[in-house]
Peer 1: 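Before anything else, here's the structure in question.
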Amino acid sequence: SSFALGENPVFLVCMLSVLLLAGLAAADISFSRSNEYLEPDATITLTVDTGCTVKDQYGSNNCDWHWGSRYTISANFKLAEVLYSNSTLSADLTIDGFLPLKFSCAVCDSVCSFKLPVVSKEVSFKMPACPIQSHTLSKTIELPSSSPVPLDTKAEGTLTITNGVGSKVGSASISSDISP
């Protein structure tokens, strides 16, 4: 089976580890991030309506979400440059400290697909139309009522967006704990 994330790039970048692990998770999802780099003159804010204990200049952080619950995610971003299909979103994650999950996709005008390790679940999502410079969205998602695989697991790593010449536009370290 597969997951469809729709056309919301900021939601994707900031919440990717939660959705990546939906096929591995048990009952409770904790998520945190630290922004390592954001290009000068760029702004990004992502907020979740409930479940997060910290709000900083980038939005919600230190979140705890529960299966079967609904969350409204609001995002607003403005980049200092325009991104085209030669720009990339890259993930360099480790699941449970030893399973690598790495992929790279064009940030726009493409479909990004990869396979989750162990459960071999295909994940795919449509990237937005090019060009990208600013975007605002609000979307309500509902997590599944339960996990298909009852495992404790953790994902950590970095998500990075680079422009067409390979310069970093932004990056964030993410950590997601899944527990029964």
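Keep in mind the model is a prediction, meaning the values are calculated, not measured.
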Peer 1: What is the minimum heavy-atom distance between G164 and S87, and which atoms define it?
Peer 2: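 Residues G164 and S87, closest heavy atoms: N-OG, 3.4 Å.
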
Peer 1: Using side-chain heavy atoms (C-beta onward) and a distance below 4.5 Å, is E39 in contact with D41?
Peer 2: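 Sidechains of D41 and E39: no contact.
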
Peer 1: Is there a side-chain contact between T94 and E156 (heavy atoms, below 4.5 Å)?
Peer 2: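 Contact flag for T94/E156 side chains = no.
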
Peer 1: What distance separates I44 CD1 from L79 CG, expressed to the nearest 0.5 Å?
Peer 2: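 One gets 8.0 Å once the value is rounded to the nearest 0.5 Å.
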
Peer 1: Quick check: do V123 and S113 have side-chain heavy atoms less than 4.5 Å from each other?
Peer 2: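 Not in contact.
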
Peer 1: Considering only NZ, NE, NH1 and NH2 on the basic side and carboxylate oxygens on the acidic side, decide whether D96 and K154 come within less than 4.0 Å.
Peer 2: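 Salt bridge flag = no for K154 with D96.
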
Peer 1: In terms of hydrophobic clustering (I, L, V, M, F, W, Y; side-chain heavy atoms under 4.5 Å; direct or indirect links), are I174 and Y37 co-clustered?
Peer 2: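 Hydrophobic grouping puts I174 apart from Y37.
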
Peer 1: So W65 and C52, do their side chains get closer than 4.5 Å, heavy atoms only?
Peer 2: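 Counting from C-beta outward, C52 and W65 do come under 4.5 Å.
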
Peer 1: Is the closest side-chain heavy-atom distance between T72 and V48 below 4.5 Å?
Peer 2: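 Of all side-chain heavy-atom pairs linking V48 with T72, none is under 4.5 Å.
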
Peer 1: Using only atom types and a distance under 3.5 Å, with no angle test, would you say the side chain of D64 pairs donor to acceptor with the backbone of G51?
Peer 2: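 Such a contact is absent between D64 side chain and G51 backbone.
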
Peer 1: One thing to verify: whether R33 and D56 come together as a salt bridge, which I'm taking to mean a side-chain N less than 4.0 angstrom from a carboxylate O.
Peer 2: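 Yes, D56 and R33 are salt-bridged.
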
Peer 1: Quick one: OG on S34 to CG on N61, what's the gap to the nearest 0.5 Å?
Peer 2: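 Here the rounded value is 8.0 Å.
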
Peer 1: Check for me, please, whether V165 and L83 land in the same ILVMFWY cluster - side-chain distances under 4.5 Å, paths through other members count.
Peer 2: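 Different clusters.
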
Peer 1: Applying a strict under-4.5 Å side-chain criterion to I, L, V, M, F, W and Y, I'd like to know whether F31 and V54 cluster together.
Peer 2: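 In one cluster: no.
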
Peer 1: Not counting sequence neighbours, list each pair that qualifies as a side-chain hydrogen bond (donor to acceptor under 3.5 Å, both in side chains) and has a residue in residues 160-172.
Peer 2: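 Residue pairs passing side-chain hydrogen bond (donor to acceptor under 3.5 Å, both in side chains), neighbours aside: E81-N163, T88-T162.
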
Peer 1: Find out whether S30 and D28 are in side-chain contact, i.e. whether some heavy atom of one side chain is under 4.5 Å from a heavy atom of the other.
Peer 2: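 The answer is yes, as the side chains (C-beta and beyond) meet within the 4.5 Å cut-off.
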
Peer 1: May I ask you to test the F114-F125 pair for a side-chain heavy-atom distance under 4.5 Å?
Peer 2: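 In contact.
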
Peer 1: Report yes if some heavy atom in the side chain of S69 is under 4.5 Å from a heavy atom in the side chain of L143; otherwise report no.
Peer 2: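 No. Closest side-chain heavy atoms not under 4.5 Å.
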
Peer 1: Can you tell me if T53 uses its side chain to pair, donor with acceptor, with the backbone of N62 under 3.5 Å?
Peer 2: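 Yes.
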
Peer 1: Can you tell me how far the OG1 atom of T158 sits from the CG atom of D92, to the nearest 0.5 Å?
Peer 2: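 So the OG1 of T158 and the CG of D92 are separated by 6.0 Å.
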
Peer 1: Membership question, hydrophobic clusters at under 4.5 Å side-chain separation (ILVMFWY): are Y84 and L89 in the same one?
Peer 2: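 No, L89 does not connect to Y84 through the hydrophobic network.
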
Peer 1: So how far is it from T45 OG1 to N76 CG, rounded to the nearest 0.5 Å?
Peer 2: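 It is 6.0 Å, given to the nearest 0.5 Å.
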
Peer 1: NZ of K126 to CG of D109: how many Å apart, nearest 0.5 Å?
Peer 2: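 Here the interatomic distance stands at 9.0 Å.
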
Peer 1: Hydrophobic clustering (ILVMFWY, side-chain heavy atoms < 4.5 Å, transitive) - are L99 and I29 grouped together?
Peer 2: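 Yes; tracing contacts between hydrophobic side chains, which count when under 4.5 Å, links both residues.
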
Peer 1: Report the residues that fulfil side-chain contact (heavy atoms from CB on, under 4.5 Å) with T50, sequence neighbours left out, ordered by chain and then residue number.
Peer 2: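 Scan of T50 (side-chain contact (heavy atoms from CB on, under 4.5 Å), adjacent residues dropped) gives Y71.
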
Peer 1: Test T47 against K55 for side chain to side chain contact (heavy atoms under 4.5 Å, CB included), laying out the working first.
Peer 2: CA-CA 8 Å; T47 56; K55 186 174 181 182; 3.8 Å; yes

Peer 1: Under the criterion side chain to side chain contact (heavy atoms under 4.5 Å, CB included), I'd like the reasoning laid out for S90 against F103: C-alpha separation, chi angles, the key distance, then a yes or no.
Peer 2: CA-CA 6 Å; S90 300; F103 64 89; over 6 Å; no

Peer 1: Measure the OG-CG distance between S74 and L137 for me, rounded to the nearest 0.5 Å.
Peer 2: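 Between S74 OG and L137 CG, I get 7.5 Å after rounding to 0.5 Å.
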
